[in-house]
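Values below: all heavy atoms of this structure, side chains included; hydrogens, waters and symmetry mates excluded. Reminder, nothing fancy here: chain letters follow the sequence lines and each chain counts from 1.
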Protein chains: 2
Amino acid sequence: MAPDAQISRLRPGRRTDIRRENERTILDAAEKVFAEAGFGGATMQLIADMAGLPKANLHYYFATKEDLYRKVVQQIFEIWLDAAACFDNAPGPVEGIGAYVDAKMDISRTYPHGSKVWASEVMHGAPVIQDYLETTLRDWTEGRIAVIQRWIDEGKMAPVDPRHLLYLLWATTQHYADFGHQIQTLNNGQPLSDRHWAEAKASVKMIVLRGIGAI
Amino acid sequence: MAPDAQISRLRPGRRTDIRRENERTILDAAEKVFAEAGFGGATMQLIADMAGLPKANLHYYFATKEDLYRKVVQQIFEIWLDAAACFDNAPGPVEGIGAYVDAKMDISRTYPHGSKVWASEVMHGAPVIQDYLETTLRDWTEGRIAVIQRWIDEGKMAPVDPRHLLYLLWATTQHYADFGHQIQTLNNGQPLSDRHWAEAKASVKMIVLRGIGAI
DNA sequence: CTTCACTTTGACCATACGGTCAGGAAATGA
DNA sequence: TCATTTCCTGACCGTATGGTCAAAGTGAAG
């Protein structure tokens, strides 16, 4: 899992490298375990085994289980926010929403664990990231609603409630990560292929863009 | 849900009543706690407190935590399947999918805990209900895909991939339960009102039905 | 070499958890 | 009334978990 092939940095601080690499290894293992078992079901021992480190070593880098979990969730939120930038600078809904669907579907495929941790966190009442929901997410949402409303006013799409449109986009794109196991089961137990993912993206975009009268 | 039409025994059976009522109380409490804390985060003591019963009493009615959890999940799956019948006997997508969205949105509002437990179970790899996914759910899905394909062949809607259409419907309708906390936060901390729910239903139906070329 | 900050880890601890059980209470039937 | 079945529950148990700690290891700077 974690080969020691990272000899890249000789000079620039071996110490710093060790810390960064171990934190990365632990965070990756934690993300996977939290996603598969939930916060309550995850144990520090499981994460340690997954990371290939003694449990006591985890506590050297992350004081508590909650602390480790918080870092995992923050990391996911940042990825999510970065991708959400696709929305901006788009001339209309076809480009903006199309790119947003593509980006979110790619995230669902690339970071399925992260998406599940996020979903689990929100489902349990967002005990850790409630402040993010009330500040960053709320601001982002309001901004995007304004953009969509502008497109409506400019006649570029039908007068759909922007809020519920966003919920539909979030729900649908994240479904491919959060319910990936169900989808795989309904796909004869096989993971979706590149073609399947392309078809999924195309289907979602087609339904949504036609649904909002953009095409 | 289940009226006391069970006149099978001589008397209405006080004993039977006690058992049924307590099982009901425990199942309701368990559903709520499992939804809020996840399987791993839920404790028998928490469920007992929520039910207002001593912990040992739970184990009198349900042998193990896993057993109790299994019953909760089965219960949810039955509700879900019952509502899925709306799809049948519909002359076309407008009626069939419209009724299905209405039914699933109602379930999301009425049984938000159940929806969360289901989502959590699937996200964690469906350790308990994998057989349901492979039999009942798969069969139901195939049947509905056939119905949608027939509507397409009859020219009642655009040629959309039925599978991804179903995923979009599941994702969007369940999102209002599973991510209810996020939605409430973005609604200034207030739960959605009757009007909000009506608007949500209308928005989803509008986007989907227009998106598949049914209207 | 010595020092010193950083890192590693086995052993350990207090707690909380799922589950058990014995014995009493309450309902039912004879 | 008594006998029997079902229901209730405080007290208890073995285990696993999150977290601690002291001692040892490591490597770079002086």
(request) Tell me, yes or no, whether the heavy-atom count around B:Asp139 atom CG, taken from other residues, nucleotides or ligands under 6.0 Å, exceeds 12. (result) yes

(message) Could you work out, with salt bridge (Lys or Arg N to Asp or Glu O under 4.0 Å) as the rule, every residue matching B:Glu134, not counting sequence neighbours?
(response) none

(message) Can you list everything that forms a side-chain hydrogen bond (donor to acceptor under 3.5 Å, both in side chains) with B:Gln182? Sequence neighbours excluded, please.
(response) none

(request) Only counting residues at least two apart or in another chain, list the ones meeting ring pair (Phe, Tyr, Trp, His ring centres under 6.0 Å) with B:Phe87. (result) B:Tyr100, B:Trp151

(message) Without decimals, in angstroms, what is the distance between A:Arg19 CZ and D:dT26 P?
(response) 19 Å

(request) Return the value, rounded to whole Å, for the distance between atom CD1 of A:Ile47 and atom C1' of D:dG19. (result) 14 Å

(request) Whole angstrom is fine here: how far is it from CD in A:Glu21 over to P in C:dT7? (result) 12 Å

(request) Whole angstrom is fine here: how far is it from CG in B:Leu53 over to P in D:dC7? (result) 13 Å

(request) Among C:dG10, C:dC6, D:dT9, find the nucleotide with the atom closest to the side chain of A:Ala56. (result) C:dG10

(request) Return the nearest nucleotide to the side chain of A:Ile18; candidates are D:dG10, C:dT8, C:dT9. (result) C:dT8

(request) Take the protein atom CG of B:Leu46 and the nucleotide atom P of C:dA16, then report the distance between them rounded to whole Å. (result) 13 Å

(message) By the 4.0 Å heavy-atom rule, please label A:Tyr61 as base, sugar-phosphate, or nothing.
(response) sugar-phosphate

(message) Rounded to whole Å, how long is the line connecting atom CG of A:Leu58 with atom P of D:dG19?
(response) 11 Å

Which donor-acceptor pairs under 3.5 Å do side chains of residues 75-82 of chain A form with protein atoms, sequence neighbours excluded?
residue: A:Gln75; atom: OE1; partner: A:Arg24; partner atom: NH2; Å: 2.6
residue: A:Gln75; atom: NE2; partner: A:Glu31; partner atom: OE1; Å: 3.3

Could you list the donor-acceptor pairs under 3.5 angstrom formed by side chains in residues 39-54 of chain B, with sequence neighbours left out?
residue: B:Thr43; atom: OG1; partner: B:Leu46; partner atom: N; Å: 3.0
residue: B:Gln45; atom: NE2; partner: B:Asp49; partner atom: OD1; Å: 3.1

(message) Looking at A:Asn57, I'd like to know whether one of its side-chain N or O atoms comes within less than 4.0 Å of OP1 or OP2 on C:dG10.
(response) no

Using a cut-off of under 3.5 Å, enumerate the N/O to N/O pairs linking the protein to nucleotides 16-18 of chain D.
residue: D:dG18; atom: OP1; partner: A:Ala42; partner atom: O; Å: 3.2
residue: D:dG18; atom: OP1; partner: A:Lys65; partner atom: NZ; Å: 3.1
residue: D:dG18; atom: OP2; partner: A:Met44; partner atom: N; Å: 2.9
residue: D:dG18; atom: N7; partner: A:Lys55; partner atom: NZ; Å: 3.0

(request) Report the relative orientation of the aromatic rings in B:Tyr167 and B:His164; use parallel for angles under 30°, tilted for 30 to 60°, perpendicular for over 60°. (result) perpendicular

(request) Round to the nearest Å and state the distance from B:Tyr60 atom OH to C:dA22 atom P. (result) 16 Å

(request) Report the distance from atom CZ of B:Arg20 to atom C1' of D:dT6, rounded to the nearest whole Å. (result) 16 Å

